Amino acid sequence: MKRFDARITALRSVATGYRELRYEWPADLPPPSPGRFFTVRAGGRYDPVLRRPFAFSAWSPGGAGEPAEASFIFQVRGRGTRYLAELDTGDTIDVLGPLGTGFGKPRRGSRPVLVAGGIGLGPMLYLANALSIDARDGLCEAPVLALGFRTASLIPDVAMPEGTVICTDDGSAGYRGTVTGWLEGYDPGAPPYLYACGPSAMMAAVGAMAAARRAPYEAALEQWMACGVGACAGCAVRLRTGQYIKACVDGPVYDGNLVDWGAML
Amino acid sequence: MKRFDARITALRSVATGYRELRYEWPADLPPPSPGRFFTVRAGGRYDPVLRRPFAFSAWSPGGAGEPAEASFIFQVRGRGTRYLAELDTGDTIDVLGPLGTGFGKPRRGSRPVLVAGGIGLGPMLYLANALSIDARDGLCEAPVLALGFRTASLIPDVAMPEGTVICTDDGSAGYRGTVTGWLEGYDPGAPPYLYACGPSAMMAAVGAMAAARRAPYEAALEQWMACGVGACAGCAVRLRTGQYIKACVDGPVYDGNLVDWGAML
Amino acid sequence: MTQTDKLDLSVQIGSLTLPNPVGVASGTFGYGEEYAPLLDVNTLGALYTKAVTLEPRAGNPAPRLADTPAGMLNSIGLANPGMEAFITDKLPFLRTLGCPVIVNVAGSTEDDYALVVERLGSEDGLGGYEINISCPNVAHGGMAFGTDPALVERLVKRLVSIRDRAPGAASRRPVIVKLSPNVTDIGLIARAAEAGGADALSCINTLVGMVIDTKRKRPVLARGTGGLSGPAVLPVGVAVVYKVSRAVAIPVIGLGGISCADDALQYLLAGAVAVQVGTAIFSRPETPLEVLGGIRDFMEREGVSEVRCIRELL
Amino acid sequence: MTQTDKLDLSVQIGSLTLPNPVGVASGTFGYGEEYAPLLDVNTLGALYTKAVTLEPRAGNPAPRLADTPAGMLNSIGLANPGMEAFITDKLPFLRTLGCPVIVNVAGSTEDDYALVVERLGSEDGLGGYEINISCPNVAHGGMAFGTDPALVERLVKRLVSIRDRAPGAASRRPVIVKLSPNVTDIGLIARAAEAGGADALSCINTLVGMVIDTKRKRPVLARGTGGLSGPAVLPVGVAVVYKVSRAVAIPVIGLGGISCADDALQYLLAGAVAVQVGTAIFSRPETPLEVLGGIRDFMEREGVSEVRCIRELL
Ligand SMILES: Cc1cc2nc3c(=O)[nH]c(=O)nc-3n(C[C@H](O)[C@H](O)[C@H](O)COP(=O)(O)OP(=O)(O)OC[C@H]3O[C@@H](n4cnc5c(N)ncnc54)[C@H](O)[C@@H]3O)c2cc1C
Ligand SMILES: Cc1cc2nc3c(=O)[nH]c(=O)nc-3n(C[C@H](O)[C@H](O)[C@H](O)COP(=O)(O)OP(=O)(O)OC[C@H]3O[C@@H](n4cnc5c(N)ncnc54)[C@H](O)[C@@H]3O)c2cc1C
Ligand SMILES: Cc1cc2nc3c(=O)[nH]c(=O)nc-3n(C[C@H](O)[C@H](O)[C@H](O)COP(=O)(O)O)c2cc1C
Ligand SMILES: Cc1cc2nc3c(=O)[nH]c(=O)nc-3n(C[C@H](O)[C@H](O)[C@H](O)COP(=O)(O)O)c2cc1C
Ligand code: FES
Ligand code: FES
């Protein structure tokens, strides 16, 4: 973990309202694993005060004189992300990371089923790519990545791993319906190991299915954060046990079967 | 008076820490006279809250399809001016103006003596250029513009009217000493009509001389402003009479012989 | 979906109907003339004048303004031409306006307030009084009145009874009491004003603040402290309005830090019936009209046809 | 010009000497371990821990954070592992630090506070207590204590006498009382704490604020209101310190909105002997060290060789 000023190496639009930003990764930091995140100062000296958290969507080692690069995909929502969207290649961003606890490995022989919607795209892409390698190495079955969109024009222009399932609410591409609708009818052919990141309603629906099928479920949650390092207790998430744990260090990935989805909605 | 978004047509460094910025002037506004000013939003949505005031340093009518242009010269001081200094040609600035009451005309037959230091440069240049035309038309004697600098490297790279006197504290260019020191020994050869804009100490010294010589004295003052249009009473300046008048509408140019220089320092 | 032309934007403050909920705050809009070239004053929901006192006041020494993070300090000190000059020099223009004009009244003693309300009672062209018991920038009166419930109730009672005795329509002008956030329990003060007969409350006036110039090693403001306003105080104002609108039955007018429609909607959801835009006018004079436009959009989007029903959405 | 190595940055708080005036504020720096990878905790003037209460507290429901203009709201609700877990799990690390550690103590009743101070009196490795009578985010205790002078005096007197009876050096640990700005006259509360025997005061805790999510039409914070901190409150804190440091003879520690050396210098000029950096650490963890560097630069520039003399420049 480190705070550093990172040079932006690429910033491009990948879909309506979505950008991919790549920046130089310091040589003395280890690569971030899928599900981990960083925070960035997204504005001037004062405003906003809170750093904005984003999950990694890719990491490349560089080499041959080229620096390593980290990437993330973000949706332009409010002033912080608007600020980021207006930066240029060569500008610097103030990064604090890598933070948090990422995704765990699926059980041997199980089928990783990755479900993403909206801003969950980035971390799920990163995880799907990592698990494809694990599958090649025989550590799990080939992962399936299911992505949900309102309509075809929102499908991002990014490389997707083989076997990605696209769902659109209006049927303009791929499966017609929600990604959870698709999941309902899907036969994984092996014990499923569920991963999800996206809107709370989607996460909760996947949670219900996981509970019904008694499947392991790792859920990456979005929660307001202040420090990002476990110092402020601002990002607390309530578990079914009534206990609060910190999204920034214990998360952002949780055992979805322990999350109190009712309290999240 | 109008609030408008103006396109920047030129922004360049004219001396260490000084910039000249030119922007498009709306066709439906009259040209601003010397000594008048405008305010600009110098930052994001919130911060700073107060618009920054600047005096015009030039105005050109444009024509042949070219828009009219207004100019100002500013010193980079704090966050507002730093923000302005980082803009580019083609960016827009949010301008409110023209505001305030500018300089009066010198008495017929008198010699306009213009004294400027620091950020007083812009309005005095503009006034000197205007009075040179008046002098050609026989309305007054040829104006003398005296500019004071700490050292030669601070002399701005701008066109100066004929007869401009340069003073440097260290003697690295022109007269060695302060502009008020120069003024002390200067024989105008006609009844002087004094104008000044710059640091308070300089303005007060010129005030003392004006009083001693019973010369008319128009002084342009710097005063914090909020509304710029006379609505808030935030910019009040205390006259010798004990009365407060508003720098933004009654000023920023005052009868220097009425200003309570003691209260200004 | 609701049609724009069907929206009911009117707001009731005692017997006064405001055409829409967006007014301009006292002290930030002078007496209306100054900003008239920059926005159509007639389209405002209400114009709250700079404070009027019995005697003319020069105000505090300069500097009177300072910048703060997302805010500003002022120590104007109720500079104003005094009641009589207000009537002769300012009121004629104000009478020509199409929007309700509410006079902000201040004083050093109870009698000061009483004499101003009494005298203005015989002038027409005014929509109501906003009693400023919350100015942090004067040595006597001002905020001192606003921190003691017993004083507040007594003062308001007296002003209400003077208002009641005024001739004609002036006897029905609402008395709005403007509260200071610089108190331990604003609910107490609010209830005191209500008990005194206030028709409405305005919350909030400025917070006490100071900026020190570390180069000159002295406070930026000649008077030391000043009143903090602007976006920085928005969450303070919203919390106060949420609390006060639940403590009293009379309408609450919300202000403090409003710079866009979303800010105003926070106040309306918190329980305000109307809002005022102050400091933001300095940054961007068109703010009040933009705020009003954004409130309309919200009402259409949410299918709320009466602005007074916005608070029920929370 | 003064030489950096000749600068005396030390600050006296009762019997405790802080190596320099820049501490980190309670609640923004956990118990020290969390930020240790990001800045050298040993170089801090003091570390004020997150509040410690008698029993463990889970804190308030989420969301607990909201963004505001140049500030933020929190409603953590004193979430902490409780006194015993603090001693077993947090104190060992804190004891390894080269900087004084001041425990922020909170409670719902006077007994709560008393039991914590009593128990901690038998533990070494602590520099002092900061008594939090000003948290706006809990239903009982917290701010309620901080608004009544008689309660404040009684509570402080009791804690001071418990401290006095502690074994060894613990009997000389300073009792610092942390005040709330959410009061009508903070001078009264400050004098009550002084009368109770406080060794120093910390000003300010957060202001009460609220943000409403206009899309979801409910407050952003689950608990409704929260505590406002960050640059937005800087001028409020400076005004409070200016006032309080003139109302009492004991040292005042200034905080609220400090994000750079200039902000800290405003507090020191206003009369504070030391400062704390809070929210700004979230934006930029190195802020405390940058602030300290800037204070050194100022002292050299101004030819002030002792940090405690900065206030005399005003
Ligand atoms: C661990 C984690 C990983 C994330 N990864 C991604 C990602 O890969 N791509 C992506 O587009 N978004 C991601 N987000 C969400 C992203 O942080 C917000 O969209 C962003 O902060 C919005 O900022 P804004 O200023 O543009 O919007 P605002 O209008 O200020 O806020 C919009 C919404 O964003 C959320 N938000 C804002 N600030 C924070 C904060 N400090 N902490 C938590 N939530 C906040 C809130 O829900 C808020 O209502 C992630 C969030 C978390 C907690
Ligand atoms: C009528 C008038 C004309 C001016 N003309 C020029 C000019 O032609 N060129 C030029 O360089 N400067 C001019 N100034 C000064 C200019 O406004 C300040 O230098 C500028 O506002 C500094 O802003 P900042 O944010 O960079 O600095 P900050 O660090 O925020 O402020 C630095 C200093 O600038 C002054 N200042 C800042 N904001 C205001 C404000 N709203 N009103 C008045 N003073 C303020 C204060 O004295 C402050 O201490 C003029 C000022 C006035 C009142
Ligand atoms: C320059 C200035 C002058 C003010 N004068 C008055 C006044 O005369 N009477 C009054 O009741 N409030 C006065 N106020 C307070 C405002 O009306 C308002 O309550 C406060 O500024 C908070 O709103 P804002 O953040 O939108 O400005 C003044 C505020 C400013 C900034
Ligand atoms: C997330 C958070 C948690 C806090 N927790 C405490 C606390 O436990 N005890 C306390 O006395 N103050 C607490 N505070 C208040 C700060 O210590 C400080 O008084 C306040 O934030 C103002 O300073 P700042 O603007 O520099 O943050 C907390 C503040 C924040 C932002
Ligand atoms: S964000 Fe501070 S503890 Fe998680
Ligand atoms: S700046 Fe408002 S009256 Fe001059």
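Residue numbers begin at 1 in each chain, while the letters A, B, ... track the order of the sequences. Keep in mind the model is a prediction, meaning the values are calculated, not measured.
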Are any of the side-chain heavy atoms of [X] and [Y] separated by less than 4.5 Å?
{"X": "C/I212", "Y": "D/L314", "result": "yes"}
{"X": "C/V211", "Y": "D/V238", "result": "no"}
{"X": "D/T184", "Y": "C/N182", "result": "no"}
{"X": "C/D263", "Y": "D/P69", "result": "no"}
{"X": "C/M210", "Y": "D/Q266", "result": "no"}
{"X": "C/L269", "Y": "D/T214", "result": "yes"}

- Task: Quick one: pull up NZ in C/K217 and CG in D/L268 and give me the separation to the nearest 0.5 Å.
- Result: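 Interatomic distance, C/K217 NZ to D/L268 CG, rounded to 0.5 Å: 13.5 Å.
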Checking [X] against chain D: side chain, backbone, both or neither under 4.5 Å from a heavy atom?
{"X": "C/L73", "result": "side chain"}
{"X": "C/F298", "result": "side chain"}
{"X": "C/T68", "result": "side chain"}

- Hey, mind stepping through C/V208 and D/V236 against side chain to side chain contact (heavy atoms under 4.5 Å, CB included) and telling me if it holds? CA-CA 6 Å; C/V208 176; D/V236 175; over 6 Å; no
Among the listed options [options], the residue most often paired with chain C at heavy-atom distances under 4.5 Å:
{"options": "D/P235, D/G209, D/A232", "value": "D/P235"}
{"options": "D/P181, D/P219, D/A70", "value": "D/A70"}
{"options": "D/G257, D/A239, D/G237", "value": "D/A239"}

